[in-house]
Chemist: 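One structure follows; several queries about it will come next.
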Amino acid sequence: MDARNVKTLIKNAQVVLPDEVAQVDVVIEGARIADIAPAAQLAVDETIDAAGLHLLPGVIDDQVHFREPGLTHKEDLEHASRACAKGGVTTFLEMPNTNPNTITVDRLHEKLELASGKCRVNYGFYIGATPDNVAELQAAERTPGIKIFIGSSTGNLLVDEQAALERIFAETTLPATAHCEDETTVRANAEKYAGTSDVADHSRIRDHRAALIATKRAIDLAKRHNHRFHVLHVSTGDETDLLADHGGLITGEACPHHLFFNTGDYERLGTLVQMNPSLKTAEDNERIWQALLDGRLQMIATDHAPHQLKEKQQPYPQSPSGLPAVENSLALLLNQVNQGRCSLQQVAHWMCDAPARVWDIVGKGRIATGYDADLVLVDLNKTAVILNEDQLTKCGWSPWDGESLTGWPVRTWVMGQQVFCDGKVDDSVRGREATYDHSRGGYWAG
Ligand code: DOR
């Protein structure tokens with residue numbers, strides 16, 4: 001029998017469907033969800049009794065840095081995609097600040113080719129904007145969209161000049177997204193704090209104003225050019241106030257580190273929690289949560305940005321910005337479900353359905369007949385401690401080391417193939433390239 005056509009019945013799980021959580025049987029056939037609550041008794045190849053567990057759509061993480069090609073001492077596609085499988089992430093969309101940068105169609109296709117042989121989960125790659133690559137941005141097709149570093153971060157990608165930004169928003173049609181921290185503000189602040197070795201100054205250099213100015217600027221560009229735009233890693237409460245209704249053009253996301261860490265954590269974790277945009281205050285944590293709960297922010301993604309521990313442990317500001325998270329993001333949110341902060345359906349919306357809609361990903365994000373069988377079984381009663389030594393990410397550490405969470409992914413399927421079970425990744429499984437139908441019109445089109 002061809003393994004790709006195996007019929008699997010998942011029985012007795014509480015299934016997180018688009019509109020309800022219900023105990024229904026789910027049938028996987030080959031790479032797709034073939035049926036939900038089948039009417040008749042079925043002949044299947046395999047039955048999984050998932051009593052006591054919840055079945056969710058696989059997580060789609062739309063903001064990761066997996067460092068291949070060029071920076072593979074920090075991370076690579078193999079380690080990172082294994083970490084995804086363990087974390088319940090079945091599709092990732094990766095950023096262009098690799099080496100070389102993904103700023104041409106050729107480079108994009110090279111990365112896709114590289115991923116096809118290695119990735120245990122499904123994959124996609126953004127094309128990065130430069131001040132003068134509009135022709136490449138126009139020609140790119142196999143991509144969720146365009147990534148613009150309006151403020152500089154890790155790497156050398158930056159488009160800060162107004163004329164170049166106007167050109168990108170005016171002359172391209174792919175949805176766009178951006179790292180929003182105002183370069184002028186950051187540079188002026190950096191001069192003020194020149195010579196500092198206190199990592200807490202990172203939040204004074206990359207301050208509230210820097211984030212707010214750049215996000216405002218990007219929203220203004222998107223609105224004037226009627227261009228779909230997604231705000232990455234919102235770090236301030238004030239930015240969430242900008243993200244109300246914009247005629248179906250604008251969406252935004254939060255990262256776990258901006259929900260769970262704040263400037264009070266520098267004392268305990270130092271440069272481990274140095275990232276861009278920087279940590280802000282406990283009040284910002286609270287306002288970002290509120291924005292997720294009331295729908296001004298639609299999505300959660302990690303900005304998984306691995307650096308080696310020895311790189312991170314250099315004194316500030318030699319220490320690089322970014323932290324790994326893809327392996328623990330779902331568990332961090334399931335733990336919040338257990339604490340009553342949000343519902344499982346909200347988590348499925350923020351981490352599965354919303355990213356599929358924002359990036360027009362075909363066949364993903366929901367448990368529905370005909371959708372891809374990218375699925376994750378979670379045990380809301382399982383308690384486990386995050387430990388550096390258990391991390392599958394190549395960098396081998398987590399800022400949540402030592403933290404006990406209740407609610408963990410226990411089994412993951414990618415395109416109908418079981419890729420993670422009983423704590424082990426099946427290294428024979430390969431994911432597929434995500435596909436996009438940008439004529440769908442994004443999140444607000446439904
Ligand atoms: O802290 C960050 N690190 N923020 C980014 O935007 C980039 C990332 C990286 O690639 O290291």
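Numbering of ligands and ligand atoms starts at 1, following listing order. We count residues from 1, following the sequence as given.
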Chemist: With a 4.0 Å cut-off on heavy atoms, is Gln274 in contact with ligand 1?
Modeler: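 No heavy atom of Gln274 comes that close to ligand 1.
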
Chemist: For the pair Glu311 and Lys74, find out whether any cationic side-chain nitrogen is under 4.0 Å from an anionic carboxylate oxygen.
Modeler: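 Result for this pair is yes, salt bridge flagged.
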
Chemist: List the closest protein heavy-atom neighbour of atom 9 (C) of ligand 1: residue, atom name, distance to the nearest 0.1 Å.
Modeler: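 Looking only at protein heavy atoms, the one closest to atom 9 (C) of ligand 1 is Thr154 OG1, 3.1 Å.
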
Chemist: Is a salt bridge present between Asp265 and Arg268, judged by a nitrogen-to-oxygen distance below 4.0 Å?
Modeler: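 Yes.
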
Chemist: Are the side chain of Glu136 and the backbone N or O of Val105 linked by a donor-acceptor pair below 3.5 Å?
Modeler: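 Yes, Glu136 side chain to Val105 backbone: donor-acceptor pair under 3.5 Å.
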
Chemist: Ligand 1 versus Arg67, non-hydrogen atoms closer than 4.0 Å: side chain, backbone, both, neither?
Modeler: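 The answer is the side chain.
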
Chemist: Yes or no: does Met95 have any heavy atom under 4.0 Å from an atom of ligand 1?
Modeler: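 Judged by the 4.0 Å heavy-atom criterion, Met95 does not count as contacting ligand 1.
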
Chemist: Can you tell which of Ser153, Pro320, Pro306, Gly151 gets a heavy atom nearest to atom 5 (C) of ligand 1?
Modeler: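 Shortest heavy-atom distance from atom 5 (C) of ligand 1: Ser153.
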
Chemist: Looking at Arg187 and Glu183, is there a salt bridge between them, counting it only when a charged N and a carboxylate O are closer than 4.0 Å?
Modeler: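 Answer for the salt bridge query: yes.
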
Chemist: Number the atoms of ligand 1 from 1 as they appear, then name those within less than 4.0 Å of a heavy atom of Met275, with their elements.
Modeler: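 Contacts of ligand 1 toward Met275, numbered from 1: 1 (O).
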
Chemist: Check this for me: does any side-chain nitrogen of one of Glu68 and Lys111 sit under 4.0 Å from a carboxylate oxygen of the other?
Modeler: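 Between Lys111 and Glu68 there is no salt bridge, as every charged N stays at least 4.0 Å from the carboxylate O atoms.
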
Chemist: Would you mind telling me if ligand 1 is within reach of the side chain of His65, the backbone, both or neither, using heavy atoms under 4.0 Å?
Modeler: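 Only the side chain of His65 comes within reach of ligand 1.
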
Chemist: What's the shortest distance from atom 1 (O) of ligand 1 to any protein heavy atom, and which residue and atom give it?
Modeler: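 For atom 1 (O) of ligand 1, the nearest protein heavy atom is Asn276 N, 2.8 Å.
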
Chemist: Below 6.0 angstrom between ring centroids: does that apply to His202 and Tyr266?
Modeler: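 No, ring centres 6.0 Å or more apart.
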
Chemist: Heavy atom under 4.0 Å from ligand 1: found in Leu323's side chain, backbone, both, or neither?
Modeler: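 Near ligand 1, Leu323 shows nothing, with every heavy atom at 4.0 Å or more.
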
Chemist: Would you mind running through ligand 1 and noting each atom that sits below 4.0 Å from a heavy atom of Ala305?
Modeler: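 Answer for ligand 1: 3 (N), 8 (C), 9 (C), 11 (O).
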
Chemist: Are any of the N/O atoms in Gly322 less than 3.5 Å from those in ligand 1?
Modeler: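 Between Gly322 and ligand 1, an N or O pair is found under 3.5 Å apart.
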
Chemist: Salt-bridged, Arg287 to Asp238, with N to O below 4.0 Å?
Modeler: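 Counted as a salt bridge, because a side-chain N and a carboxylate O are separated by less than 4.0 Å.
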
Chemist: For ligand 1 and Ser321, I'd like to know whether there is a polar contact (N/O to N/O, distance under 3.5 Å).
Modeler: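 N/O-N/O distance below 3.5 Å exists for this pair.
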
Chemist: Consider only side-chain N and O atoms of Thr383 and Thr406, and report whether a donor and an acceptor are under 3.5 Å apart.
Modeler: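 Side-chain D/A pair, Thr383 to Thr406: present.
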
